[in-house]
Amino acid sequence: MFPSIYSPEDVEEEIFRFWHDNSIYEKVKKKGDRDFFFVDGPPYTTGEIHLGTAWNKVLKDVVLRYKRMCGFRVRDTPGWDMHGLPIEVKVEKELGFKTKREIESYGVDKFVKKCMEFALKNKEKMTEQFVKLAVWMDWNNPYMTIKADYINAAWWTVKRAHERGLLEKKLRVVNWCPRCETALAEAEVEYREKEDPSIYVKFPLKDENSYIVIWTTTPWTLPANMAVAVHPDYTYVKAKVKKDGEVEEIIVAKDLLEKVAEKGKLKILEVVKEFKGREIEGLEYEHPLKEEVPLQNRKHFVCLANFVELENTGCVHIAPGHGVDDFYLGQEYGLEVFNPVNDSGVYTEEAGKYAGMNVRDANSLIIEDLKKKGLLLCEEKIVHRYGHCWRCKSPIIYRATEQWFITISKVKEKMVEEIDKVWWIPEWAGMSRFKDWVSNARDWCISRQRYWGIPIPVWICEKCGRIKVVGSIDELGIEVREDLDVHRPRVDEITFECECGGVMKRVPDVFDVWFDSGVASWATLKYPRVKDEFEKLWPADFITEGHDQTRGWFYSQLGASIIAFDRAPYKTVLMHGFALDKHGRKMSKSLGNIVKPEEVVKKVGIDAFRIYVLSSAPWEDLKFSMEEAEMYKKYLNIVWNAVRFAYMYMTLDKEDFIKCSDISFKIEDKWILSRLENFCKVARDALETYNVHKTVKAFIDFFVEDFSRWYVQLIRSRVWEEKASPSKMAAYATILKVIDKSIRAISPYIPIISEWIYQNFVKEFSEVREKLYGESVKESVFMESYPEIEEEMIDAELEEAMRIAMEVFEAASNARQKAKRKLRWPLKLLVVEGDEKVKKAVEMLEEILKTQCNVKEIKYVEKFEKKLKAQVNYREAGPLLKEKIKDFANFVSEMSEKEIEKAVKTGEIDFNGEKLPSNLLNVIYELPEGYTDAEFSSGRVYLYTEMDEDLWRECLAREIVRRVQEMRKMLDLNVEEFIDVAMSCKEDIVKGWVDYIAREVRARNLEFEHEFEEEEDWFVKEWDIEGEKIKIGIRRCS
RNA sequence: GGGCCCGUGGCUCAGCCUGGUUAGAGCGCUCGCCUGAUAAGCGAGAGGUCCGGGGUUCAAACCCCCGCGGGCCCA
């Protein structure tokens, strides 16, 4: 059965059941003789997929389905990123915790267990959502970052880093989340707008009443100030200024003096001195808060730094404990890394007066103190982009702490080198964007002071400080099992005896989750515990993720892989865009513009959703629009209807079709078969080059435009033929091949409807398929191979001719519309004007054109005879000819066509011997009586629209036929059923066409001038046919 | 402040690399057609400062420079 209405929901249900009941995926997986190693970028187990994740997986699915059909044995393990802060934060919320201490007292073991449950539960939920998008991956055997084998791989990698001297414990300024009490990687910081104080502070110099002025948005870092930096090459000034009667001297950058004065409401009295920044290196100043922070009673001086910019004051406050640049500058000058702030962002005793205060709360107090001391020049508010913990959204602080680092700086060059060896789609994703990121990358801080993560496998001797890096779980004396739990706090309990006799304890940190996912390409293969798969498959043939992963997974994988193997872990990277709302804004809860994938699927179906998200270039952001998605449902509906049309006739004639031996292809068959090959070619090229979107447009063009809207129209009369004619069989054979092959080519995109059509249409004609094309059907379309291109079927000349014919038809329709001649009405003549190609098209496709345009005759001319008429172009001629204009007008009105033509050709008019430019004429082409014209891209058509009586009778006959057909439908009559027809009009008006009417409507009796009586059992309707009221009655023949 | 990408009818996009007829589609809109795919299908028409400003060129949506707006990433 072929349902008359395309219902995605029903089709989905049927196909999902079919796939499931027959283990199709499992069977498909067994095929293939070459390996294709795909690594899934593991989504974080948040519990719900969004449009972007859905798009991401669909993109992957298309590629994988294609590769499978090309004969690859595809490694399609999905992955899950399950550790880390977001889950900790969620669980903390659930438990109502706010600090790490609450976790500790609750019990780390219980907490970690909750995190694990949470992650596993979410994994299940999300898996279901992906499955519902018809994404075929090995859902029963995913890789998970929490599994022992995975952790084993991560440990092994760290040990590699250690062995190569790339693992270091260093004091560094890191992004620190005071709420989560942990270091954050660059990748875990998100920047957003925040309001902060913006203050200009005077630092007292040794000289009386003189100051160097700095600007900062973080007053809380002032207690840790150790220096002021200026740019060596900028020009600075010492200026005498007056404020509230007081005179003092300040040092700022020369070009910024006026602005600073304005901010501080200072009057500039004079510039005392002008000098380069380098001249004041070492200049000493007093710490502005030395009374409040006693430890600051020490020497402070001016340093030189190139990162200083000509902004604000040109002098930068340096706190090596609270800024990355500051830290490195401090190293250069031997400054102490003073960090009087603890893990939760509270000042320590070292901060003197401020001890015990939260740093953010201290801002206002510090400003107050500065004001009291007369050191505050100006206080404002500023809204700027500031880093926030992307997990808990708290503003981060910069803080110097001891952390474990992978020293990317030592392998950066190699990383950049490896980027060149990868195939990036688009090219700029790797060559410009990723390279830029990698070359600016700093050492990678991989330690986190948290609980739910891969424990860092480093043990340190409490006595001698010796370090032991554990490279595998069996080094702990534990055997790796599927269900082995290698998390905190269990691992913390393990100790080793040191050579010195001391006890080695594990550092309490866990890994940055980016390190987890960084090792995915070998951890998914269980390397290093299992070796053979790794040796066979690695590195990955293909990965694809969104452009945010430039700094994320593309990077963490490359970094980890360089450490482990000195080469890139992937060969091909497709970078895709973001799913935005239809206005191009990010989807976010606060904007309330989130569109859920399941909403879309519910509305348009899985296939339409898939083909929609696949229709635009992957690397462009996708501005999601429901209307667009709905359009694709409409297209699929046309696909459905086209197949159904074919199905209806072909099943009716199935026996004949199976037996048939006599097939004669017609020109339109050859044409659509040529188009088919071209479509398959585009599809294959697009998939090979990962320009996956290009297939979509090509498919719509081919299947909807060419096949459904044109070819099916052309062959209608052929399929209506009663007997199994060779021409009808050719049409069937053509249709079968077109649907079969094109559906296979598009099946990776719209797997469900494709499978349905394969099962219900292609399989229906399996015998013919085998006989004609020598291909036996498979259990599923996905066990077929991807269509090969049959070059010999391509006929470019024919395609060109048909393209012109289609245009001619359009132009003729246009002309009809202008002349108000319905397509149903036959017309006498259509003249087509154009070049050689047009001539050829008309010759080749005359029959098609005649039928489609509904004209009795079609004629090609190189040049259609038109009457030329000229009028005076008064705007041009007036000023030139002045009073002679009247004579000229008379002259023009009497110009012959030949003269006009000559004037146009030569550009000159011979006006009584005078040479005038031809632009004084407006030349008008006048069509001969009875013609209407319309143009197409390479020519013009002239439609003869005059009707004679005979033609008009034919038109009316057709009108009547249509009405009767409509009435038959109202009565729900069977197509084969015979009827009696009676009409109120005279037979005269359709004279000569009575038999035609009777045949068309299957009428036994046809009666004219009938008077309808109430009691008769006629089904009667009164119609207005071209201004004439005609009653028509029909009834079933008894 | 830096890097990369995007900016074309009301909407979504093609064209740009490799400059050259009248800038193309689809959706929407208006008008119409078809009626043996029919709770479908098809056509035509209207609608454009090709983000703005410079430059190169005989010629710029396209190449170059400077801006503006949006997105992602960084500082």
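Quantities reported herein were computed from a predicted structural model and do not represent experimental measurements. Protein chains get the first letters and strands the later ones, always in sequence-line order, with residue 1 at the start of each.
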What is the distance, rounded to the nearest whole Å, between atom CG of A/D621 and atom P of B/C72? 7 Å
Determine all donor-acceptor pairs shorter than 3.5 Å in which one atom belongs to a side chain in residues 645-652 of chain A; sequence neighbours excluded.
residue: A/Y649; atom: OH; partner: A/W720; partner atom: NE1; Å: 3.3
residue: A/T651; atom: OG1; partner: A/Y647; partner atom: O; Å: 2.6
residue: A/T651; atom: OG1; partner: A/M648; partner atom: O; Å: 3.3

Return the 5'-most residue of the pair A/F809, A/H547 with respect to RNA chain B, ranking by each residue's nearest nucleotide. A/F809
Between B/U57 and B/G19, how far apart are the two P atoms, rounded to whole Å? 16 Å
Could you tell me how far B/A23 sits from B/A60 if I compare only their P atoms? Round to whole Å. 14 Å
Nearest-angstrom distance from the residue atom NZ of A/K435 to C1' of B/C73: 17 Å
Distance, rounded to the nearest Å, where A/M575 contributes CE and B/C6 contributes P: 10 Å
Do A/Y942 and A/E833 get their side chains close enough for a donor-acceptor pair, meaning under 3.5 Å? yes
Closest of B/U35, B/A37, B/U12 to the A/K623 side chain is B/U12
Quick one: does A/E545's side chain have a donor or acceptor within less than 3.5 Å of a partner on A/G41's backbone? yes
Interface polar pairs with nucleotides 31-34 of chain B, N/O, under 3.5 angstrom:
residue: B/C34; atom: OP1; partner: A/R824; partner atom: N; Å: 3.0
residue: B/C34; atom: OP1; partner: A/R824; partner atom: NE; Å: 3.4
residue: B/C34; atom: OP1; partner: A/R824; partner atom: NH2; Å: 3.4
residue: B/C34; atom: OP2; partner: A/R824; partner atom: NH2; Å: 2.6

Please give, in whole Å, the distance from B/G71 P to A/W55 CH2? 16 Å
Who pairs with B/C13 - Watson-Crick or G-U, where each distance is under 3.5 Å: B/G24
Categorize A/Y649 for me: base, sugar-phosphate, or nothing, with a 4.0 angstrom heavy-atom threshold over every strand shown. sugar-phosphate
What contact category does A/A642 fall into here, base, sugar-phosphate, or nothing, at under 4.0 angstrom with non-hydrogen atoms? base
Taking only nitrogen or oxygen atoms into account, show me every contact under 3.5 Å that the protein makes with nucleotides 24-27 of chain B, one pair per line with its distance.
residue: B/G26; atom: O2'; partner: A/Y635; partner atom: OH; Å: 2.9
residue: B/G26; atom: N2; partner: A/E628; partner atom: OE2; Å: 3.4

Can you check the distance between B/A37 and B/G20, where both ends of the measurement are the C1' atom (answer in whole Å)? 45 Å
Nucleotide paired to B/C72 in any strand shown, Watson-Crick or G-U, under 3.5 Å: B/G3
What integer distance in Å separates A/E1000:CD from B/G36:P? 10 Å
Give none if B/U18 has no partner; otherwise give the nucleotide forming a Watson-Crick or G-U wobble pair with it, both distances under 3.5 Å. none
May I ask you to say whether A/R803 pairs ionically with A/E807, meaning some side-chain N is under 4.0 Å from a carboxylate O? yes
Between A/W640 and A/F761, is the ring centroid distance below 6.0 Å? no
Could you tell me how far B/G53 sits from B/C17 if I compare only their C1' atoms? Round to whole Å. 25 Å
If you assign A/T550 and A/A617 each to the RNA chain B nucleotide with the nearest heavy atom, which residue ends up on the more 5' nucleotide? A/A617
Ring-plane angle category for A/Y635 and A/Y632, please: parallel below 30°, perpendicular beyond 60°, tilted otherwise. perpendicular
Has the side chain of A/R433 got a donor or acceptor atom sitting under 3.5 Å from an opposite partner on the base of B/C72? yes
Give the rounded distance in Å between these two atoms: CD of A/E620 and P of B/C4. 16 Å
Using 4.0 Å as the upper bound for N to carboxylate O, is an ion pair formed by A/E977 and A/R968? no
If you take atom types as modelled and just measure distance, does the side chain of A/S4 reach the base of B/A39 with a donor-acceptor pair under 3.5 Å? no
From CH2 of A/W1023 across to P of B/U35 the rounded distance in Å is 12 Å
What's the gap between B/C65 and B/C4 when it is taken at their P atoms, as a whole Å value? 11 Å
Side chain of A/Q713 only, heavy atoms from C-beta on: which candidate in B/G41, B/C4, B/G43 is closest? B/G41
Testing B/C72, B/A37, B/A40 for proximity to the side chain of A/N637, the answer is B/A40
Matching residue for A/H693 among A/W55, A/F699, A/Y749, A/W619 - test: ring-ring contact (aromatic ring centres under 6.0 Å, His included): A/W619
Which word best sums up how the rings of A/F707 and A/F702 line up, parallel for under 30°, tilted for 30 to 60°, or perpendicular for over 60°? parallel
Nearest-angstrom distance, P atom, B/C5 to B/G43: 38 Å
Quick check: does any side chain N or O of A/N56 sit under 3.5 Å from a backbone N or O of A/G52, one acting as donor and the other as acceptor? no
For A/D443, is there an ion pair with A/R172 - N to carboxylate O distance below 4.0 angstrom? no
Rounded distance in Å between the C1' positions of B/A46 and B/G36: 35 Å
Applying the 3.5 Å cut-off to both distances, the Watson-Crick or G-U partner of B/G45 turns out to be B/C29
Please give, in whole Å, the distance from B/G2 C1' to A/F434 CZ? 18 Å
Out of B/G2, B/U35, B/A44, whichever nucleotide has its closest atom nearest the side chain of A/K969: B/U35
Which label fits A/W444 and A/Y555: parallel for a plane angle under 30°, tilted from 30 to 60°, or perpendicular past 60°? tilted
On a whole-Å scale, what distance lies between the P atoms belonging to B/G47 and B/G9? 15 Å
